[in-house]
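See structure below.
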Amino acid sequence: MKGRVQDMNSPDSVQASVSGIFIRVNQVGYSPAAAKIAIVLSSTGLSGVRYDVFNSNNTSVLNGTITTASKGSWGDAGGANCAYSYAIDFSALTTAGSGYYIKINAYKSPVFAISNSVYSSLADLSMQFFKVQRCGNTSPQDHGVCHMTGMNSSIDGKPDGASGTKDFTGGWHDASDYIKFLSTIGHVTDVMLTTYIHHPEAFPAPGGAAGALTEAKVGLDFILKLWDNTNQILYMEVADGLDHDVENDDLDSRSKTWPQNDNTIYGAARPVHPCPAGTGANLAGKAAAALALGAKIWGDSAGPVYNAALAAGYLTAAQQIYTWGKTRTGIAGDADGFYVDTDYKDDMAWAAAELYRATGTAAYLTEAKSFCDSAGEWYNKSNTSLNWSRAYHWANYEVASLDPAYKNTAAGRMNNHLNLKKNYAAGQFWNTSSEPKWGTYEAMSNNAVEAMMYQELTGNTTYAVLAQQQIDFMLGRNPWGVSKLNGAGTTWFKNPRHRVTTLNRVNNPNYQLRGAWSEGFETSSQYAVDQQDPLLAGQEDPGIVQFNDNRMIWHDNRRDYATNEVTISGNAAGMAMVAFMGGGASSGAPTDYITNGDAYVRDGTYAATNYGTAATVDVKGDADEGYNRKGFVRFDLTGRTGSPVASALLKIYCNAVSASTPVKVYGLTGSDEWIESGTGGITWNNQPGSTGAVLVGTINVSTAGWYTIDAAGFVNSQLGGDKKMTFKLQVENNNGATISFNSKENTANKPVLTVS
């Protein structure tokens with residue numbers, strides 16, 4: 001069945017028509033600490049209308065009234081013409097569970113989950129796509145062994161400028177066509193292995209680390225074949241535009257050729273193109289980084305894929321290619337200009353960082369920093385994002401991960417870039433962070449990855465909302481109510497521009513390209529120029545098309561190469577996004593627990609007043625009665641298994657301070673059952689007692705920003721009991737300074753306890 005625009009998960013769902021109410025949510029779900037914003041499209045005004053969030057037992061667990069003004073109309077290019085739209089913030093819902101849904105009148109959203117491991121299966125799902133893209137005798141999925149000249153030979157092509165033939169089997173086809181580019185295969189392998197090093201928990205059973213690394217090895221082994229050390233040649237491309245032209249001609253019988261029969265396009269071996277003279281540093285950087293990562297991982301005697309001989313071969317080639325690249329600083333691309341790179345220093349920086357990781361040779365780290373430092377204005381360009389050709393922040397992240405002294409430098413660059421993206425997203429209807437273009441979703445995914453890199457380096461969640469906005473859009477909170485990851489959510493895109501998918505559907509109409517990420521949206525004016533093929537009638541649900549708008553066009557149609565083609569680089573970006581944003585919740589991986597209760601209390605005439613719904617937790621010490629305030633922040637770790645924890649960091653964000661002041665942080669050992677707000681809500685008069693309180697430490701608050709304190713000792717003392725813990729914040733010097741920390745009612749930078 002093709003995707004529907006309304007929820008189909010319960011028998012009493014109301015079939016929403018174009019004149020109905022459409023509730024767009026992240027169909028996979030949210031972590032408890034995440035900002036949770038639904039977008040509602042409607043043909044009628046909904047101001048003052050009630051909404052409810054129901055759990056899987058159909059019990060309302062959160063409700064409210066739509067009080068925000070309409071964001072405006074949507075759907076002018078598709079016919080929906082929803083005159084009204086609203087944002088619903090249900091971030092207060094933090095209880096783990098599945099089967100949640102939002103209901104307005106008789107209309108329901110798709111169901112979603114809340115969990116710290118809500119994305120735990122999505123990195124592994126994303127890796128499934130690469131099995132279909134495999135070339136050669138690599139156990140490809142859903143097609144036969146391919147591109148072996150004569151069908152029984154290991155020879156795949158003839159290098160330009162050299163006599164004879166050479167083995168160029170393996171690797172991944174780039175997209176719907178069957179070309180293989182070092183530019184994208186190198187980058188994709190870099191992303192796979194860097195993501196694995198930092199987030200191995202993102203690849204749980206049954207595939208696990210071995211499955212992820214088995215896939216990455218397909219890329220590594222192909223990269224080795226592209227390097228000819230004897231003749232000092234780095235090959236950049238197998239096949240060329242002829243294959244791409246055939247893929248574009250949907251009506252040509254040759255486009256209906258399976259990969260295993262594709263040599264008929266060229267009549268014999270496929271051509272293989274070397275980097276032109278004087279060029280190749282960009283591709284050398286991508287290749288050397290991947291091989292150095294392979295050397296580190298396969299050379300780890302305690303790791304899952306230890307192979308000393310293989311690791312040594314990877315390292316030797318990495319060092320050779322890196323050295324070669326330093327003498328070939330021109331930019332190499334491909335024979336037909338499909339992938340036009342912009343620089344080489346980002347790639348060489350990444351390579352140098354990984355060579356330092358693999359060898360410990362300080363000179364590599366020095367060179368990595370030098371390459372990063374030479375980027376100049378790239379860091380301040382608003383119209384760029386991480387992708388196969390712009391890897392500067394991957395390189396900065398790796399250098400900072402290897403040298404803590406570089407963290408502030410790397411984080412400062414990311415902050416500049418992310419602030420531009422944050423401001424841009426704030427002005428967009430759907431909070432998308434990249435300008436409409438080919439590959440929009442790759443850019444959005446990478447912006448989310450960069451936001452998570454910044455958070456890991458600094459502990460600062462300033463850009464957590466930006467990252468959440470991107471993944472929400474990709475997983476269903478978009479105009480069409482369609483997940484852009486095939487197999488994730490309740491309604492996903494199903495008709496990608498992908499030749500193997502089309503061929504499989506001849507005999508299996510229900511074939512799905514599991515784990516593929518869609519390409520991205522364009523504006524109506526861009527689409528009119530870029531999408532020249534007529535779309536195939538009947539290929540997509542009209543209930544999807546009706547939500548196209550002049551600002552945002554997307555089609556789930558296999559003839560659509562402008563917005564619905566699938567690529568290996570786009571898939572790597574999506575995989576990294578879900579991994580960095582919470583691919584798993586293993587006992588060794590840091591877990592962020594959002595506070596499940598916070599408030600402040602005030603003495604004097606305010607002693608019976610409750611401030612549990614305030615957006616801040618205020619703290620103040622004053623000699624005069626009525627001016628004192630104390631803050632309380634509570635966390636619930638009842639779902640956590642294992643004790644003791646290795647680390648527990650209490651992180652609180654100060655948004656205003658009138659004078660530099662030390663704030664004492666105590667852990668309370670008494671009752672944690674105080675009530676945040678409402679009847680019996682916490683006040684000065686009924687605040688928890690301090691008998692047996694443990695001094696966790698002191699934070700010296702002087703400016704707005706994040707403050708972190710090590711609370712592992714107190715947390716471990718509470719894990720043997722009810723696993724709930726309350727922290728009290730108070731000033732003891734009576735200097736009269738007012739300090740405001742963000743509460744969980746704030747839209748961003750909420751109190752967090754990071755435990756690992």
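The first residue in the sequence is number 1, and the count goes up from there.
Contact check for Phe741 versus Pro751: no side-chain heavy atoms found under the 4.5 Å cut-off. Taking the side chain as every heavy atom from C-beta outward, Arg629 and Val601 never approach each other to under 4.5 Å. Here the side chains of Arg24 and Trp430 are in contact, with some heavy-atom distance below 4.5 Å. Between His198 and Met453 the shortest side-chain heavy-atom distance does not fall below 4.5 Å. With contacts defined as side-chain heavy-atom distances shorter than 4.5 Å, the pair Leu93/Val61 qualifies. Using a 4.5 Å heavy-atom cutoff, the side chains of Ile197 and Thr194 are not in contact. In this structure, the side chains of Pro688 and Ile682 come closer than 4.5 Å at one or more pairs of heavy atoms. Looking only at side-chain heavy atoms (C-beta outward), Tyr397 and Met414 come within less than 4.5 Å of each other.
Nearest heavy-atom pair, Asn686 versus Gly681, reported as atom, atom and distance to 0.1 Å: ND2-O, 3.2 Å. When all heavy atoms of Ala349 and Ala395 are compared, the closest pair comes out as CB-CB, 3.8 Å. Nearest heavy-atom pair, Tyr707 versus Asn700, reported as atom, atom and distance to 0.1 Å: CE2-O, 3.4 Å.
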Test side-chain hydrogen bond (donor to acceptor under 3.5 Å, both in side chains) applied to Ser121 and Asp124, step by step | CA-CA 6 Å; Ser121 65; Asp124 190 58; over 6 Å; no
Output, in order, the C-alpha distance, side-chain angles, deciding distance and verdict of side-chain hydrogen bond (donor to acceptor under 3.5 Å, both in side chains) for Thr461 and Gln455.
-> CA-CA 6 Å; Thr461 60; Gln455 185 168 317; 5.3 Å; no
Stepwise, does the side-chain contact (heavy atoms from CB on, under 4.5 Å) test hold for Val53 with Tyr101?
-> CA-CA 6 Å; Val53 182; Tyr101 62 92; over 6 Å; no
Should Tyr666 and Phe714 be marked as a ring-ring contact (aromatic ring centres under 6.0 Å, His included) after you check the CA-CA gap, both sets of side-chain angles, and the distance that decides it?
-> CA-CA 9 Å; Tyr666 291 92; Phe714 174 68; over 10 Å; no
Run the numbers on Ile114 and Thr95 for side-chain contact (heavy atoms from CB on, under 4.5 Å), then give the verdict.
-> CA-CA 7 Å; Ile114 295 177; Thr95 303; over 6 Å; no
Evaluate side-chain hydrogen bond (donor to acceptor under 3.5 Å, both in side chains) for Asn655 paired with Asn742, printing each intermediate quantity in order.
-> CA-CA 7 Å; Asn655 63 42; Asn742 280 13; 2.6 Å; yes
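A donor-acceptor contact closer than 3.5 angstrom is absent between the side chains of His393 and Tyr454. Looking at Thr661 and Asn735, their side chains do bring a donor and an acceptor atom within 3.5 Å of each other. One side chain, Asp618 or Thr616, offers a donor N or O that lies under 3.5 Å from an acceptor on the other. When only modelled atom types and interatomic distance are considered, Thr67 and Thr65 share no side-chain donor-acceptor pair under 3.5 Å. Ser690 and Lys728 form a side-chain donor-acceptor contact under 3.5 Å, judged by distance and modelled atom types alone. Ser743 and Asn746 share no donor-acceptor pair across their side chains, judged by distance under 3.5 Å alone. Judged by distance alone, the side chains of Glu398 and Trp394 never bring a donor and an acceptor atom under 3.5 Å apart. No side-chain N or O of Asn26 forms a donor-acceptor pair with one of Arg477 less than 3.5 Å apart. Under the 3.5 Å distance criterion, with hydrogens and angles disregarded, no donor-acceptor pair is assigned to the side chains of Ser483 and Gln27. Counted by atom type alone, Gln730 and Glu732 present one or more donor-acceptor pairs between their side chains at under 3.5 Å. A donor-acceptor contact under 3.5 angstrom links the side chains of Ser126 and Trp517, judged on distance only. Using modelled atom types, one finds no donor on one side chain facing an acceptor on the other under 3.5 Å when comparing Asn447 with Tyr463. With no hydrogens or angles considered, no side-chain donor-acceptor pair links Thr59 and Asn57 at under 3.5 Å. For the 3.5 Å distance criterion, the side chains of Asn116 and Ser31 fail to qualify, holding no donor opposite an acceptor.
The only option from Val633, Ile709, Thr698 that meets the side-chain contact (heavy atoms from CB on, under 4.5 Å) definition with Val665 turns out to be Ile709.
We find that Glu625 and Arg602 are not joined by a salt bridge, their nearest charged nitrogen and carboxylate oxygen being 4.0 Å or further apart. Of the charged side-chain nitrogens involved, none lies within less than 4.0 Å of a carboxylate oxygen, so that Lys750 and Glu745 do not count as a salt-bridged pair.
Within 6.0 Å of atom CG in Asn408, 12 or fewer heavy atoms from other residues, nucleotides or ligands are found, so the atom counts as exposed in its surroundings.
In terms of the side-chain hydrogen bond (donor to acceptor under 3.5 Å, both in side chains) criterion, residue partners of Lys651 (sequence neighbours excluded) are, by chain and number, Thr754.
Checked by atom type and distance alone, the side chain of Ser109 pairs as donor or acceptor with a backbone atom of Ile102 at under 3.5 Å. A distance-only check finds a donor-acceptor pair linking the side chain of Asn716 to the backbone of Ala712 [under 3.5 Å].
Sorted by first and then second residue, the side-chain hydrogen bond (donor to acceptor under 3.5 Å, both in side chains) pairs with a member in residues 603-612 read Asp603-Asn628; sequence neighbours excluded.
Between Phe90 and Phe112, the ring planes are tilted. Angles from 30° to 60° get that label.
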